[in-house]
K.L.:
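Pasting a structure here, questions to come.
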Protein chains: 2
Amino acid sequence: MKRNTWQREAVREALDATDGFISAQSLHSALHASGSPIGLATVYRALGDLTASGDADCLQSPEGEAIYRACSTGHHHHLICRNCGLTVEIAADEVEAWAHRVAGEHGFTRAAHVVDVFGLCAECSRALDADR
Amino acid sequence: MKRNTWQREAVREALDATDGFISAQSLHSALHASGSPIGLATVYRALGDLTASGDADCLQSPEGEAIYRACSTGHHHHLICRNCGLTVEIAADEVEAWAHRVAGEHGFTRAAHVVDVFGLCAECSRALDADR
DNA sequence: CTTGGTTGTGACAATCATTATCAATAAGCT
DNA sequence: AGCTTATTGATAATGATTGTCACAACCAAG
């Protein structure tokens with residue numbers, strides 16, 4: 001049976017309150033900072049449950065941490081500056097559809113996809129061009 | 001000054017010879033298996049240099065490892081089985097065009113992109129469903 | 001209310017990828 | 001060949017994540 005504990009609620013609320021992505025570690029720190037004596041392992045478990053039940057999405061940050069977000073606002077991808085790290089969120093409905101179509105064509109199921117565009121943002125482009 | 005060592009060459013060649021993405025750990029294992037006594041740290045360093053100089057691309061796999069690929073001329077994308085590692089090459093002209101368009105819309109230049117779809121191939125899907 | 005069974009928790013150990021350290025080695029110049 | 005210094009590689013350190021397990025919290029029934 002699935003039980004409702006204040007810890008799980010705390011994680012869900014903290015995730016809902018967060019705009020965008022947050023790492024498990026940061027979430028744990030944030031909860032601690034606001035007084036919850038919740039354990040780190042519990043945060044990981046709660047996040048795992050949330051993603052398993054589809055209430056949260058999980059992906060890997062460029063820094064190699066797993067980052068999570070409440071799965072309400074629809075899912076998007078990222079445009080990342082190779083130089084300064086600036087990240088712009090981009091919608092990718094076409095790519096979304098495409099990914100599922102190709103996966104299906106090859107008999108794949110449970111398709112997840114990694115769609116990220118790396119480049120140089122306007123500012124860094126200027127800065128680097130000046131260097132040459 | 002930049003020196004040329006056989007280790008660096010070995011890493012570059014191993015990466016070129018690899019079709020698709022490979023993790024640093026796997027690359028190290030592969031090199032060891034084919035007789036190179038190259039050190040793990042050196043593989044990481046070489047991969048870091050290659051990505052810094054634009055000869056390789058790096059992204060995070062869903063399993064949390066950093067995976068690399070040679071950033072060569074002809075490029076295609078991959079459909080990768082999370083379970084058995086089967087890799088299918090896929091063409092992605094639409095995505096290609098899309099990536100450049102969004103990058104441009106946000107002022108980004110020198111856009112590279114990472115588009116890969118992870119899932120379960122037909123066989124593994126069946127195997128895992130039988131488990132439940 | 002109490003008992004019993006079960007699930008969730010949390011401190012800590014274990015694991016895994018990656019990075020830092022540092023003495024020994026070898027590349028490239030003269 | 002000899003010198004200078006970047007590079008290597010064994011290993012330790014780090015940091016995120018997962019596993020373990022005794023204990024506490026929860027629910028239902030008596």
Side-chain angles (χ1 to χ4, degrees), chain A residues 1-15 18 20-53 55-69 85 112 114, chain B residues 1-15 18 20-53 55-69 80 82-83 85 114 116 118:
Chain A
M1 185 192 307
K2 216 59 171 177
R3 291 181 186 171
N4 263 356
T5 61
W6 65 265
Q7 285 98 334
R8 228 175 279 251
E9 275 310 302
V11 169
R12 183 186 296 254
E13 278 175 26
L15 196 58
T18 302
F21 289 95
I22 188 168
S23 75
Q25 304 278 341
S26 305
L27 201 66
H28 176 238
S29 300
L31 284 166
H32 255 211
S34 53
S36 295
I38 191 171
L40 178 57
T42 305
V43 174
Y44 276 100
R45 266 187 298 249
L47 286 173
D49 288 350
L50 286 175
T51 54
S53 65
D55 291 325
D57 266 354
C58 163
L59 69 96
Q60 303 289 133
S61 80
E63 288 77 29
E65 287 175 284
I67 53 180
Y68 299 84
R69 81 163 161 212
V114 170
Chain B
M1 185 194 306
K2 214 60 170 179
R3 290 178 187 176
N4 264 355
T5 61
W6 64 266
Q7 286 97 335
R8 227 176 282 250
E9 274 310 300
V11 169
R12 184 188 294 256
E13 277 175 27
L15 196 60
T18 302
F21 288 95
I22 189 170
S23 73
Q25 303 279 340
S26 306
L27 201 67
H28 176 238
S29 300
L31 283 166
H32 256 212
S34 53
S36 294
I38 191 172
L40 178 58
T42 306
V43 174
Y44 276 100
R45 266 187 298 246
L47 285 173
D49 287 350
L50 286 175
T51 54
S53 65
D55 292 324
D57 267 353
C58 161
L59 69 97
Q60 303 288 135
S61 82
E63 287 76 31
E65 285 175 285
I67 54 180
Y68 299 84
R69 85 173 155 195
I80 302 157
R82 227 193 306 266
N83 189 248
V114 165
D116 286 282
F118 294 86

K.L.:
So B:Y68 and B:T51, do their side chains get closer than 4.5 Å, heavy atoms only?
P.N.:
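Yes - at least one pair of side-chain heavy atoms lies under 4.5 Å apart.
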K.L.:
Rounded off to whole Å, could you give me the CZ-to-C1' distance for the B:F21 and C:dA17 pair?
P.N.:
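Computing the B:F21:CZ to C:dA17:C1' distance gives 18 Å.
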K.L.:
For B:Q25 and C:dT15, what is the distance between atoms CD and C1' respectively, to the nearest whole Å?
P.N.:
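The distance from CD of B:Q25 to C1' of C:dT15 comes to 12 Å, rounded to the nearest Å.
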K.L.:
A:T18 side chain to A:A14 main-chain N or O, any donor-acceptor pair under 3.5 Å?
P.N.:
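Here the side-chain-to-backbone pair exists.
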K.L.:
Measure NE2/B:H28 against C1'/D:dT11 and give the value in whole Å, please.
P.N.:
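Taking atom C1' of D:dT11 as the reference, NE2 of B:H28 is at 13 Å.
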K.L.:
Counting N and O atoms only, with roles assigned by atom type, does the side chain of B:S29 sit under 3.5 Å from a partner on the main chain of B:Q25, one being a donor and the other an acceptor?
P.N.:
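Checked: pair present.
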K.L.:
Between atom CD of B:E65 and atom CG of B:L59, what is the distance when rounded to the nearest 0.5 Å?
P.N.:
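If I round to the nearest 0.5 Å, the distance is 11.5 Å.
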K.L.:
Can you tell me how far the CG atom of B:L15 sits from the CZ atom of B:F21, to the nearest 0.5 Å?
P.N.:
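One gets 10.0 Å once the value is rounded to the nearest 0.5 Å.
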K.L.:
Output the single nucleotide from C:dG10, C:dT19, D:dT17 whose closest atom is nearest the side chain of A:R45.
P.N.:
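Looking only at side-chain atoms, A:R45 lies closest to C:dG10.
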K.L.:
Within this structure, what is the CG-CG distance for the pair B:L31 and B:L40, rounded to the nearest 0.5 Å?
P.N.:
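The distance works out to 10.5 Å.
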K.L.:
If you round to the nearest 0.5 Å, how far is CD1 of A:I38 from CG of A:L27?
P.N.:
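Reported to 0.5 Å precision, the distance equals 8.0 Å.
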K.L.:
Is there a residue in residues 33-43 of chain B whose heavy atoms reach under 4.0 Å of DNA chain C, and which residues are they?
P.N.:
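Contacting residues: B:L40, B:A41.
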K.L.:
Only distances under 3.5 Å count here; give the side-chain donor-acceptor pairs of residues 1-12 of chain B to other protein atoms, sequence neighbours excluded, each with its distance to 0.1 Å.
P.N.:
{"unit_1": "B:T5", "atom_1": "OG1", "unit_2": "B:R8", "atom_2": "N", "d": "3.3"}
{"unit_1": "B:R8", "atom_1": "NH1", "unit_2": "B:D49", "atom_2": "OD2", "d": "2.4"}

K.L.:
Counting just side-chain N and O atoms, does A:Y44 come under 4.0 Å of either OP1 or OP2 of D:dT17?
P.N.:
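Looking at the OP1 and OP2 atoms of D:dT17, one of them is under 4.0 Å from a side-chain N or O of A:Y44.
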K.L.:
Under 4.0 angstrom, heavy atoms only, what part of the nucleic acid is B:E65 near: base, sugar-phosphate, or nothing?
P.N.:
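Touches sugar-phosphate only.
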K.L.:
To the nearest Å, give me how far apart CD (B:Q60) and C1' (C:dC16) are.
P.N.:
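Atom-to-atom, B:Q60 to C:dC16, this comes out as 14 Å.
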K.L.:
Between protein and nucleotides 28-30 of chain C, what N or O pairs are separated by less than 3.5 Å?
P.N.:
{"unit_1": "C:dG28", "atom_1": "OP1", "unit_2": "B:N4", "atom_2": "N", "d": "3.3"}

K.L.:
Drop me the distance from A:H28's NE2 to A:S23's OG, to the nearest 0.5 angstrom.
P.N.:
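The distance works out to 11.5 Å.
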K.L.:
What is the bend of the helix from C:dC1-D:dG30 to C:dT30-D:dA1 when you compare the axis at one end with the axis at the other, using five pairs each and rounding to 10°?
P.N.:
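Helix axis angle between the two ends: 30°.
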K.L.:
From C-beta outward on B:R8, which listed nucleotide comes closest to its side chain: D:dT8, D:dT17, C:dT18?
P.N.:
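Selected nucleotide (nearest to the side chain): D:dT8.
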K.L.:
Please give, in whole Å, the distance from D:dG9 P to B:L31 CG?
P.N.:
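Distance check: B:L31 CG to D:dG9 P gives 11 Å.
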K.L.:
Can you list every pair that meets salt bridge (Lys or Arg N to Asp or Glu O under 4.0 Å) and has a residue in residues 31-43 of chain B, with sequence neighbours left out?
P.N.:
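For residues 31-43 of chain B: none.
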K.L.:
Would you kindly give the CD1-to-C1' distance between B:I67 and C:dC16, to the nearest whole Å?
P.N.:
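Distance, rounded to whole Å: 16 Å.
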K.L.:
Please report the shortest heavy-atom distance between B:A24 and B:V43, naming the atom on each side.
P.N.:
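The pair with the smallest heavy-atom distance is O-CG1, 3.9 Å.
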K.L.:
Suppose we screen for ring-ring contact (aromatic ring centres under 6.0 Å, His included). Which residues come up paired with B:Y44, at least two apart in sequence or across chains?
P.N.:
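ring-ring contact (aromatic ring centres under 6.0 Å, His included) check on B:Y44 returns nothing, list empty.
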K.L.:
Output yes when at least one side-chain N/O atom of B:Q7 is less than 4.0 Å from OP1 or OP2 of C:dA26, else no.
P.N.:
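Checking B:Q7 against C:dA26: no side-chain N or O falls below 4.0 Å of OP1 or OP2.
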K.L.:
Would you mind reading off the distance between A:L47 atom CG and C:dG8 atom C1', rounded to a whole angstrom?
P.N.:
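So the CG-C1' distance, A:L47 to C:dG8, works out to 15 Å.
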